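What follows is a short report on a single structure.
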Amino acid sequence: MQHGLSFDVAHLLAGSLVLISFMLLYQDRMLALLNVFAAQAVVLAASVAWQAHIQEAPHLYMTAAIALLFKGVAIPMALRRIVRRLGIHREIETVVGVVPTMLAGMALVALSLVVMLRVAAAANPLAREDLAFALSVVLLGLLMMVTRRNAVSQVVGFMSLENGLILAATGAKGMPLVVEISVAFSILIAFIVIGIFLSRIRERFDSVDIEALDRARGERR
Amino acid sequence: MITALVLSGIAAHLAVSVLAVILRRHAAATPVTYGLSAVVSAFLMAVALIRLLGGGGDDPVVLPLGIPWIGAQFRLDALSAFFLAVIALGGIGASLYAIGYGRHEPEPQRVLPFYPAFLAGMSLVLIADDAFSFLFAWETMSLASWALVVSQHRDPANIRAGYVYIVMASAGTMALLLGFGLLAGASGGYAFADMRAGTLTPTTAAFVLALALFGAGSKAGIVPLHAWLPLAHPAAPSHVSALMSGVMTKVAVYAFIRIIFDLAGTGAWWWATVVLVFGAATAVLGILFALMQDDLKRALAYSTIENIGLIFVGLGLALAFRGNGMSAAAALAFTAALFHVLNHSAFKSLLFLGSGAVLAATGSRMMDTLGGLIHRMPLTAFAVLVGAVAISALPPLNGFVSEWLTFQAVLLSPDLPQWDLKIIVPAAGAMLALAAALAAACFVRLYGVSFLGRPRSDAAAEAREVDRWSVGVMLGLAALCLALGILPGLVIDALAPVSEAMVAGRLPAQATTAWLSIVPVAEGRSSYNGLLVFVFIAATASLAALVIHRLASDKLRRSAAWDCGFPDPTPATQYTAASFSQPIRRIFAAVIGARERVDMPPPGDMRPAAFAVEMRDMVWDGLYQPVASGVSAVADRLNRFQFLTIRRYLTLVFAALVTLLLVLAIWP
């Protein structure tokens with residue numbers, strides 16, 4: 001019964017992550033997008049903490065704390081400041097319409113489930129479901145990066161992709177803390193670099209639409 | 001211990017290479033580098049001979065380098081020792097020669113550092129005992145020789161030669177890499193010992209054969225992979241040409257033997273047909289092209305292709321006999337091939353060094369600007385004559401012995417059970433006979449046009465004999481050619497452990513045969529005595545000279561020669577290289593793609609008549625050009641991917657990921 005409960009809760013949390021990824025896909029306002037992203041980070045932290053509890057791996061609490069602190073609070077706040085300062089909080093941009101994006105997202109989730117069922121047929125069901133959800137989150141994050149034009153939402157897509165990686169990493173037993181911390185820090189560094197680039201792009205082109213970059217390179221789409 | 005000695009010799013080569021970099025501006029750099037290279041080569045020669053003649057264990061050495069769980073493994077077995085001796089022989093000759101010849105080098109600092117590294121790379125290939133070390137050494141050899149090919153970089157032709165060479169060398173290495181991958185199998189046993197222990201399915205083994213033939217053949221110059229060789233070998237300085245042609249192609253032969261005879265296990269009998277067909281085609285086409293060249297060094301390079309073909313025919317025969325369990329016949333064919341390896345490295349080194357001497361003395365390597373050099377450079381002319389006779393396979397020199405042994409093996413083919421082989425082997429033998437005859441014509445032409453007759457240019461008329469080092473080395477190699485021809489029994493006995501290891505059979509010991517004869521199969525069947533032939537030729541020639549001198553010399557009258565109606569004959573009226581080869585060019589016009597155009601003005605027209613020969617290498621047009629244009633077309637298409645938008649790049653990555661996942665999901 002204990003096993004059943006722990007399995008269900010883990011399933012619920014991981015499933016919510018996928019759901020929030022879908023929500024990210026159809027957000028068309030910057031600030032709403034950031035809010036949803038923060039929510040995803042909070043759910044991720046909860047999921048990781050639950051994994052720490054059922055795996056009896058205290059170092060995972062650390063990972064949960066990092067996720068909550070950085071991705072749930074610090075990064076969304078910083079991004080919100082950037083958005084405000086750049087004055088793009090009203091901007092809407094998608095390359096592909098919402099409906100095709102959502103359909104593609106569903107296909108991706110189905111694909112990742114099929115793949116995981118085949119590949120990890122021998123693994124225990126908990127780890128397998130976890131991996132399937134994690135892969136879905138990664139793919140949805142990538143899909144978001146592909147379908148958006150604004151640099152800020154690409155950053156969000158990238159961060160959400162990384163959430164999927166953390167979910168996968170914590171689902172697997174015995175992943176050393178060092179790996180998780182280094183992943184977290186590399187994401188942080190990436191965020192800083194991208195943030196700097198964002199302001200540079202803004203200064204130069206008066207916009208964070210990445211197509212401005214392409215125009216600057218003298219290309220047509 | 002003995003492998004460690006070889007490794008220390010290779011390290012010494014590399015140290016000399018570093019020393020050459022340090023000394024590069026110094027006047028003493030040339031003699032010091034080449035002198036030390038010769039000393040190290042002599043040391044390696046001694047080690048190789050100790051292993052080959054003295055026997056002893058293989059003595060593997062594992063260094064903690066390379067791939068972590070394999071290490072860098074080295075081993076000197078009998079096969080390696082034989083090839084190491086061949087390389088060291090070429091190394092000693094070319095190094096000593098270059099002490100004198102290197103003085104003509106315009107930019108020695110472009111040659112000196114790479115020369116010892118080249119020797120080191122070749123030696124390292126031979127003792128490598130795992131795929132990683134082997135390929136590493138192989139690439140060291142390729143890159144060092146590439147640097148030597150482009151050392152005279154002011155000539156755009158050399159740069160082009162270097163480009164073609166590096167492309168072919170990379171493709172060959174790629175093939176070898178894949179071949180080793182197949183041999184290692186899924187378990188990844190990259191040590192040669194693991195490969196030997198493994199078994200291959202027939203399909204895998206066939207792929208290994210194809211890849212080995214491509215990888216080693218592209219380095220050795222098997223037709224149709226030979227196109228780089230006549231460009232690259234002549235482009236290097238002459239002593240390096242001697243090494244590349246005489247020695248590096250042998251390293252490629254070694255690679256083929258190591259993979260096919262040693263690592264791939266006992267193959268199917270039809271392997272032999274593939275090797276025989278390629279070998280025979282290589283021999284005939286190589287020598288046909290050699291006959292058409294006006295450039296001394298290029299003709300020699302094409303002749304190398306012919307000899308490689310001959311060696312591969314020998315190896316093909318050995319495969320045929322081994323596949324049918326006829327170990328004595330296999331040993332005969334295998335020994336013949338290895339003997340030819342040794343012989344070719346001796347006389348081809350000699351001939352390239354001779355062409356270097358001609359180049360140094362006259363500044364030209366085009367035959368049509370030479371002529372009459374026998375009067376100006378008698379010692380060089382004598383040495384090159386010996387080399388030319390040897391490579392034309394005339395007794396009593398060494399070329400004859402190995403070709404004779406090959407033909408002895410061909411004559412054993414009726415014992416083979418397969419009808420395919422019964423037909424192909426004699427056909428290959430016939431091709432070899434054709435190649436041998438054409439080789440004689442080629443070297444009569446080469447020697448006659450360059451050294452005999454009257455000088456065709458002022459440079460040739462004022463040529464001077466080259467320095468003592470060069471002449472000494474050339475005469476030494478000529479003496480070696482004679483010695484190998486007179487004492488073949490010693491070589492055959494030395495090769496016995498090699499053929500024992502590779503084809504599980506050996507020729508009967510020749511040391512006990514009376515009067516230095518060799519008896520490869522049985523006394524009643526065939527035997528050859530080089531000493532007797534030599535003594536006979538020497539005696540009859542001396543006798544004839546004596547008789548002529550005694551009886552005819554005092555009848556000598558001096559008068560004006562009949563001038564055929566041309567009162568002031570210019571040297572241009574002599575036979576030229578092109579006119580000498582014209583009959584053969586016409587006969588084989590379809591094979592070599594030669595077209596003659598005669599422009600004869602009608603009577604009354606004052607313009608001069610013109611004659612032009614156009615030669616098109618069909619391999620180049622039919623194989624290389626389509627491949628090259630295909631690659632560049634694909635590259636042009638792919639070039640567009642350099643200029644995508646950021647989002648498109650992301651989409652590309654995304655699409656690739658999803659595709660791979662789909663494959664994973666659908667894969668049965």
Side-chain angles (χ1 to χ4, degrees), chain A residues 93-96 101 104-121 131-132 134-151 153-155 157-158 161 164-165 194 197-198 201 205 208-221, chain B residues 64-71 132 177-178 180-190 194 198 200-201 203-204 207 628-668:
Chain A
E93 36 62 53
T94 44
V95 182
V96 189
T101 313
M106 278 189 261
L108 288 177
V109 172
L111 174 67
S112 62
L113 283 174
V114 172
V115 167
M116 274 307 152
L117 285 180
R118 286 177 58 99
V119 171
L131 282 176
L135 185 60
S136 309
V137 173
V138 169
L139 289 179
L140 290 175
L142 261 176
L143 181 65
M144 180 162 166
M145 290 180 81
V146 170
T147 53
R148 302 276 174 144
R149 274 212 306 250
N150 188 303
S153 45
Q154 289 206 329
V155 173
F158 181 61
L161 182 158
L165 289 183
I194 291 171
F197 267 106
L198 272 182
I201 295 169
F205 300 111
V208 284
D209 189 330
I210 55 173
E211 275 176 30
L213 280 181
D214 302 334
R215 284 196 293 274
R217 295 202 315 184
E219 281 155 23
R220 55 193 174 73
R221 291 184 64 244
Chain B
L65 303 167
I67 302 178
W69 60 94
I70 298 173
F132 181 79
L177 178 70
L178 295 176
F180 281 129
L182 286 180
L183 282 169
S187 58
Y190 281 97
D194 296 340
L200 300 173
T201 63
T203 327
T204 319
F207 273 113
S629 47
V631 167
S632 63
V634 171
D636 270 351
R637 297 272 157 77
L638 289 180
N639 195 25
R640 218 175 288 165
F641 285 96
Q642 300 271 2
F643 306 102
L644 292 183
T645 64
I646 298 172
R647 213 173 53 76
R648 293 233 169 129
Y649 278 126
L650 280 174
T651 315
L652 216 59
V653 172
F654 184 61
L657 181 64
V658 170
T659 313
L660 288 178
L661 286 176
L662 273 176
V663 168
L664 204 60
I666 297 167
W667 198 267

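Below, each value reflects all heavy atoms present in this structure, side chains not excepted, and no hydrogens, waters or symmetry copies. To find a chain, count down the sequence lines: A is the first, B the second, and so on, and within it residues start at 1. Model, not experiment: these values are computed from the prediction.
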Worksheet item: So do B:Val658 and A:Leu142 actually touch side chain to side chain, heavy atoms under 4.5 Å?
Response: no

Worksheet item: With a 4.5 angstrom heavy-atom cut-off, which part of B:Leu662 approaches chain A: side chain, backbone, both or neither?
Response: both

Worksheet item: Shortest non-hydrogen contact from B:Phe654 to A:Leu108?
Response: CZ-CD1, 3.4 Å

Worksheet, complete the sentence: Output for pair (B:Ile666 CD1, A:Arg118 CZ), nearest 0.5 Å, gives 9.0 Å

Worksheet item: What's the spacing between B:Leu657 CG and A:Leu135 CG if we round to 0.5 Å?
Response: 7.5 Å

Practice prompt. Check each atom of A:Leu143 against the heavy atoms of chain B and say whether the ones under 4.5 Å are side chain, backbone, both or neither.
Written response: both

Practice prompt. Report the option among B:Leu661, B:Val653, B:Thr651, B:Leu664 that has the most heavy-atom pairs separated by less than 4.5 Å from atoms of chain A.
Written response: B:Leu661

